[in-house]
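This chain uses plain numbering: 1 for the first residue, then up along the sequence.
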Amino acid sequence: MSVGATTRSSYREMYSPDGYMQYREDWYKKDTYGMNTETGRYEAYQTSMKDKPGYYDRPENLGRYGVTAEQWRTYANNSETSDRGIYGERLGLESAVLQNYINNKTFDWYDHTFRTGLNQDYNASISGASEKMNYYLSLGYLKNEGAVSYDDYQSIRGNMKVEGKVTKWFEIGANVNFQDRSDGNLQPGLKTDYWEANQIRNSPFSDYRNADGTLAQYPMGADVKRGHNYDFDRQYLELEKGYTVLNTIFTAKVKLPFNITYSFNASPRFQWFYDRYFMSADLPGSSPIDRGVNREQSKRFDWSLNNTISWDYTFLDKHHVNLTLVQEAEERRFWKDKIESRNIQPSDALGFHNTQNGTKENSSFSTEDTHQTADALLGRLFYSYDDRYMVTASVRRDGYSAFGQNNSYATFPSIALGWNFANEKFFKWNDIMSTGKLRLSWGKNGNRSLEDPYVSLPNLGSGTGGTMGYIKPNGELDEVKYLMVDRMANPNLRWEKTTSWNFALDYGFLNDRITGSIEYYNMNTTDMIMWQSLPGFTGFGSVISNLGEVSNRGFEFSINSQNIRTNNFEWNTTFNISYNKNEIKHLYYETEDILDANGNVIGQKEMDDKSARDGKGWFIGKAISEIWDYRVTGIWQESEFEEAKRHGQRPGDPKVANNYTLDDVVNPDGSVTPVYNDKDKEFLGQTAPPVHWQLRNDFTFWKDLTLSFNIYSYMGHKSLEGYYLNQDNGGSLITYNFNTPEKNYWTPEHPTNKYGRLDAQGPKGITGVRKLYNRSFIRLENISVGYTLPKEWVRKLDMEKVKVYGSVRNVATWKKDWEYGDPETSGLATRVFTFGLNVTF
């Protein structure tokens, strides 16, 4: 059994009450900045509010402007009389937020949303063996709480393994796994986008409860109906959601004459999914038309069969032959029904147990059924001579029902050579290099991953909402919705194929105290499954096709070492690192002219697709995840006021590289206004990390105490983000008093070349230009400690073994320059503490 806790380890902090008010003060002052002709400095209250210096400042800071508190109070007709009230009102506070600020009443929504979750895992097992029978039975229960409130998960699991020898030549076995798990996660949303109901962005000066002690529905003011209290909404929500899975493997093995073995595997798998979600219309202010019940249920049944015949034979002591013949078949079936019942009459008091009383015009239902089949034949021959020279050759024939009717089958050959040179007589260095083996392989394999098993077929669906009317014999009008083919068929859709070369060295030194491998690979993927754009006159926007070619080249290095080995101490290390270079070789095989500066054709090249990936583009010779965008070079500073103005910007806004200047606009006064378009974009890196590495160390003290830690890293990848612009008023979040994540920002008093001012704007046409960030990181992923009690202690209690252990996952993370949440998840990350006890009888 084990118990533990889950806590938040990384997520953007929200402003404290003091930080919230300072942020709002800076937000409202940002549009008053301009050049002070008297001082020659870029200062506040030089454009708007020029006649009211200090208007947005708190009274204790008025001295910098030479203004008295009495003058400050008379700048406007204030509805509040206290200085605190006037200050809050000028910063846009209203309703409950303003009153709570005056009263200095706060609530920590951030702390309320997160929690320390309790984790529990209990497992009991029993096993036994006799001369002809082995068995293993286990039963487990898991209950975990996430780091966010209402994020709960639990499962019950069981496992049974049985292996039996019926005769000397016949064996059977079964492995049956059962799991029932609840995925009923009702945690509040965490995104700070204006369209998501998220309570951590509530103002810190807002109400969790009303004066009478009841939960506040609108924490930031019932009169303005702003803010979100998830605990209030949770009273009107109910969810039951999860999976029940039965996964089985049945095996049989027959030993035939001449050292031939036949084996049979059958693997049926059942999965039932249920989702029962209820939104009560009793929620104050809600409409019954929009609330009700979602009920979804689905069943998946998969099975696979495997028949294998193998012949293993050694002759003349040095020649070893192994022949394997395999036949496989599989089927996948899926059924889903979904009901969305709304406006349940006369009442929704029965929750999700009542869908039939939803009004038909507000409710909907849908089904989704799929059926897929696949089969394969494989022949593989292995030969080795004297455990020095080895060759393996195979041919595999695969078929899959989801491909076009003309190409549902494909053949994939492979061959591999091996040379164990450390076993050669001429090799005299076995005392140093105990293992040495070279491997060379070539082969093809296929990818059948399709988003829809029917994607190669046309699809008949309802039209754009239009109807066609028919007059029935009784004179009534019968309206029927149009049907249309909304997907073009491709009967020639075929397997995506990857051809790969692999060269490797397996090594071992000092009697294999040090072992590992060095491997180089080159993989080319062709006939890639992708959507090809079609001319508009076809009536279809695109069709699924086999196009393009992508290359992946790289190496992998691994080393395992026994650093120290004594009677009372052992230290082992495992390290591996990999590097991959991804490159697009071809896309659509369509060419375009190459023009010189004068517009003359000087050659041709294959066309890139700048519209792919929602405008991120695919480019010949670049990685699939290549970043193609504008390059932010810094932030305009106070001394660059005039140059920023030429770009239509001001100090605190981002500088953007203007790489192509021939299309810039020359104004009548001779000044030049930069123009930004695709010609100014650059290749800035890729979002997929090309380098992965991992380091693990295991220590054993006195044979009973163990300690291990694991570190891994993703390196060399980047991303574009717009957080540095501090454009926080989308959906009027600032205007409506909401809180925002803590951030750094440019001001004349605290200039920086890394962060923009509040509500910074890029040049005209690219006001939301994003900045490049290096996402490389190193993570101390796990630290584990275990202690096995001395046998003389536990045997007194009729126990065989007792071990206590503890671990911490996601201990620490070091990152290059990413600061907006976890570098791997781009948001929330959790730290898990575990303490466990294993008892063996």
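Ile711 is listed as a side-chain neighbour of Trp693, based on a closest heavy-atom distance under 4.5 Å. Contact annotation: the side chain of Tyr218 never approaches that of Asp223 to less than 4.5 Å [non-hydrogen atoms, C-beta and beyond]. Put simply, the side chain of Asn294 does not reach to within 4.5 Å of the side chain of Asp275, judged on heavy atoms. Looking at Gln179 and Gln271, their side chains never come closer than 4.5 Å, going by heavy atoms from C-beta outward. Taking 4.5 Å as the limit, some side-chain heavy atom of Asn737 sits within range of a side-chain heavy atom of Arg24. Counting only heavy atoms from C-beta outward, the side chains of Asn202 and Tyr208 never approach each other to under 4.5 Å. Using a 4.5 Å heavy-atom threshold, the side chains of Arg181 and Tyr153 count as touching.
A donor-acceptor contact closer than 3.5 angstrom is absent between the side chains of Asn744 and Asn726. Under 3.5 Å, the side chains of Ser826 and Arg775 contain a donor-acceptor pair of N or O atoms. Checked by atom type, the side-chain pair Tyr20/Ser203 shows a donor-acceptor distance below 3.5 Å. Donor-acceptor pairing under 3.5 Å is lacking for the side chains of Asp759 and Asn729. At a cut-off of 3.5 Å, with distance as the only test, a side-chain donor of Tyr150 or Asp231 sits close to an acceptor on the other residue. For the 3.5 Å distance criterion, the side chains of Ser206 and Trp109 qualify, holding a donor opposite an acceptor. Side chains of Gln120 and Tyr141: a donor-acceptor N/O pair is absent below 3.5 angstrom, by distance only. Judged purely by distance below 3.5 Å, without hydrogens or angles, the side chains of Ser776 and Asn774 pair a donor atom with an acceptor atom. In this structure, a donor-acceptor pair under 3.5 Å is present between the side chains of Gln199 and Thr113. Thr574 and Asn576 form no side-chain donor-acceptor contact under 3.5 Å, judged by distance and modelled atom types alone.
Between the side chain of Asp282 and the backbone N or O of Tyr236 there is no donor-acceptor pair closer than 3.5 Å.
Asp152 and Arg115 are joined by a salt bridge, as a carboxylate oxygen and a charged side-chain nitrogen come within less than 4.0 angstrom of each other. A salt bridge does not link Lys771 to Glu721: none of the charged nitrogens lies less than 4.0 Å from a carboxylate oxygen. Checked for salt-bridge contact, Glu626 and Arg613 miss the test: no charged N lies under 4.0 Å from a carboxylate O.
Here the CG atom belonging to Asn580 is positioned 8.5 Å from the NE2 atom belonging to His692, to the nearest 0.5 angstrom.
The ring of Trp272 has its center no closer than 6.0 angstrom to the ring center of Tyr274. Aromatic pair Tyr723/Tyr773: centroids not less than 6.0 angstrom apart.
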Working note: Tyr714 + Phe777, criterion ring-ring contact (aromatic ring centres under 6.0 Å, His included); need CA distance, chi angles, decisive distance, verdict.
CA-CA 6 Å; Tyr714 294 167; Phe777 69 90; 5.4 Å; yes

Pair Gln235-Leu215, side chain to side chain contact (heavy atoms under 4.5 Å, CB included): steps then yes or no
CA-CA 10 Å; Gln235 301 172 105; Leu215 292 171; 4.0 Å; yes

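Shown here for Tyr724 and Pro654, the closest heavy-atom pair between the two residues is OH-CB, 3.4 Å. The minimum heavy-atom distance between Lys105 and Phe205, with the atom names listed, is O-CD2, 3.5 Å. Considering every non-hydrogen atom in both Ile200 and Met14, the closest pair reads O-CE, 3.3 Å. For Ser286 against Leu283, the heavy-atom pair with the smallest separation is OG-O, 2.6 Å. Contact record, His112 with Ser149: O-OG, 3.5 Å, taken as the closest heavy-atom pair. Considering all non-hydrogen atoms of both residues, Arg269 and Val245 come closest at NH2-CG1, 3.7 Å.
Among the candidates Glu238, Glu240, Glu296, the single residue satisfying the salt bridge (charged side-chain N to carboxylate O under 4.0 Å, His left out) test with Arg276 is Glu240. Of the options Arg8, Arg831, Arg779, Arg12, a salt bridge (charged side-chain N to carboxylate O under 4.0 Å, His left out) to Asp822 is made by Arg779 and by none of the others. A side-chain hydrogen bond (donor to acceptor under 3.5 Å, both in side chains) with Asp728 is found for one member of Trp27, Tyr745, Tyr23 and no other, namely Tyr23. Between Asp121 and the choices Leu142, Thr834, Val3, the side-chain contact (heavy atoms from CB on, under 4.5 Å) rule is met once, by Leu142.
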